[in-house]
Amino acid sequence: MAEIQFSRGIKEEVVPDVRLTRSKTGQTGSATFIFTKPKVYDKDSKDEITGMYMIDEEGEISTSKVNGKFVNGEPMAIEATYIMKSPEEWDRFMRFMERYSEENDLGFTKS
């Protein structure tokens, strides 16, 4: 089980585009998630976005760096950034992404 939530207890069904960066030393890194037309933006949704929560069998990783993208006043996307400040945080994030990728048929392309 690996899922992403914007409101606790509500699984986001849209699979994001994820971009990773890592410092040359490997000590720090970041992951930028872009969700195009996420379910949390549905007209019927009354859920409040409180952050981005990545949940799996090891527990939860979270970030409050979540921004909405709007076009002509209409919500179109969510961009969230998770910052990793240590090799341990990087490793934990990668374990989450392996599980999330398996469940959602995501692939990895090196630039």
Side-chain angles (χ1 to χ4, degrees):
M1 187 275 299
E3 64 183 41
I4 295 176
Q5 301 176 359
F6 290 111
S7 294
R8 293 196 183 275
I10 314 273
K11 178 182 177 181
E12 177 54 56
E13 295 177 21
V14 171
V15 177
D17 178 37
V18 183
R19 297 185 184 135
L20 294 173
T21 60
R22 193 170 191 185
S23 67
K24 289 182 181 183
T25 64
Q27 296 297 308
T28 61
S30 69
T32 302
F33 293 76
I34 300 172
F35 296 81
T36 304
K37 296 187 178 180
K39 294 291 181 192
V40 74
Y41 279 165
D42 282 352
K43 286 187 249 177
D44 300 333
S45 177
K46 302 218 184 328
D47 301 318
E48 184 177 331
I49 297 172
T50 58
M52 185 177 78
Y53 310 97
M54 297 167 274
I55 301 165
D56 64 10
E57 58 259 26
E58 286 186 57
E60 177 182 289
I61 307 169
S62 65
T63 182
S64 60
K65 295 179 189 252
V66 179
N67 296 302
K69 302 290 181 185
F70 295 81
V71 175
N72 296 326
E74 294 292 319
M76 290 294 154
I78 291 177
E79 183 176 303
T81 304
Y82 177 66
I83 306 294
M84 295 154 275
K85 298 177 183 160
S86 70
E88 294 79 20
E89 286 183 1
W90 176 272
D91 292 342
R92 170 64 178 101
F93 174 77
M94 292 307 290
R95 289 192 305 274
F96 168 81
M97 283 308 296
E98 285 174 18
R99 294 176 184 118
Y100 187 79
S101 296
E102 281 180 23
E103 287 190 23
N104 294 285
D105 297 322
L106 285 177
F108 180 72
T109 306
K110 234 179 182 179
S111 61

Which donor-acceptor pairs under 3.5 Å do side chains of residues 93-101 form with protein atoms, sequence neighbours excluded?
residue, atom, partner, partner atom, Å
Arg95, NE, Glu58, OE1, 3.3
Arg95, NE, Glu58, OE2, 2.8
Arg95, NH2, Glu58, OE1, 2.9
Arg99, NE, Glu57, OE2, 2.8
Arg99, NH1, Asp56, OD2, 2.8
Arg99, NH1, Glu58, OE2, 2.8
Arg99, NH2, Glu58, OE2, 3.1
Ser101, OG, Met97, O, 2.7

Legend entry - Closest heavy-atom pair and its distance - Thr36, Val14: O-CG1, 3.5 Å

Legend entry - Cluster check Val66, Phe70: I/L/V/M/F/W/Y, side chain < 4.5 angstrom: yes

Inset, instruction - Hey, could you give me the CD1/CE distance between Ile4 and Met52, rounded to the nearest 0.5 Å? - result: 5.5 Å

Inset, instruction - Evaluate the side-chain proximity of Pro87 to Gln27: yes if any heavy-atom separation is below 4.5 Å, no if none is. - result: yes

Inset, instruction - Look only at the side chain of Tyr41 and the backbone of Ala77, and say whether a donor-acceptor pair between them is shorter than 3.5 Å. - result: yes

Legend entry - Beyond-backbone contact of Tyr82 with Ile61, side-chain heavy atoms, under 4.5 angstrom: yes

Legend entry - N/O donor-acceptor pair under 3.5 Å between Glu12 side chain and Lys39 backbone: yes

Legend entry - Any side-chain heavy-atom pair of Ile83 and Thr63 under 4.5 Å: no

Legend entry - Phe6 ring center within less than 6.0 Å of Phe35 ring center: yes

Inset, instruction - Ignoring hydrogens and angles, state whether a donor on the side chain of Ser30 or Thr21 is under 3.5 Å from an acceptor on the partner side chain. - result: yes

Legend entry - Atom pair CD (Gln5) and CD1 (Ile49), whose distance is rounded to the nearest 0.5 Å: 13.0 Å

Legend entry - For Ile10, all residues meeting side chain to side chain contact (heavy atoms under 4.5 Å, CB included), sequence neighbours excluded: Ser7, Asp47

Inset, instruction - Kindly say whether Ala2 contributes a backbone atom to a donor-acceptor pair with the side chain of Glu103 at under 3.5 angstrom? - result: yes

Inset, instruction - For the pair Thr28 (side chain) and Met84 (backbone), establish whether a donor and an acceptor sit closer than 3.5 Å, ignoring hydrogens and angles. - result: no

Inset, instruction - Please check if atom CZ in Arg19 has more than 12 non-hydrogen atoms from other residues, nucleotides or ligands closer than 6.0 Å. - result: no

Legend entry - Test item: Glu79 and Phe33 side chains (from C-beta on) under 4.5 Å apart, heavy atoms: no

Legend entry - Ile78 with Leu20, same ILVMFWY side-chain cluster at under 4.5 Å: yes

Inset, instruction - Working to the nearest 0.5 Å, report the span between CD1 of Ile34 and CG of Asn67. - result: 11.0 Å

Legend entry - Working for salt bridge (Lys or Arg N to Asp or Glu O under 4.0 Å), residues Glu60 and Arg8: CA-CA 11 Å; Glu60 177 182 289; Arg8 293 196 183 275; 2.8 Å; yes

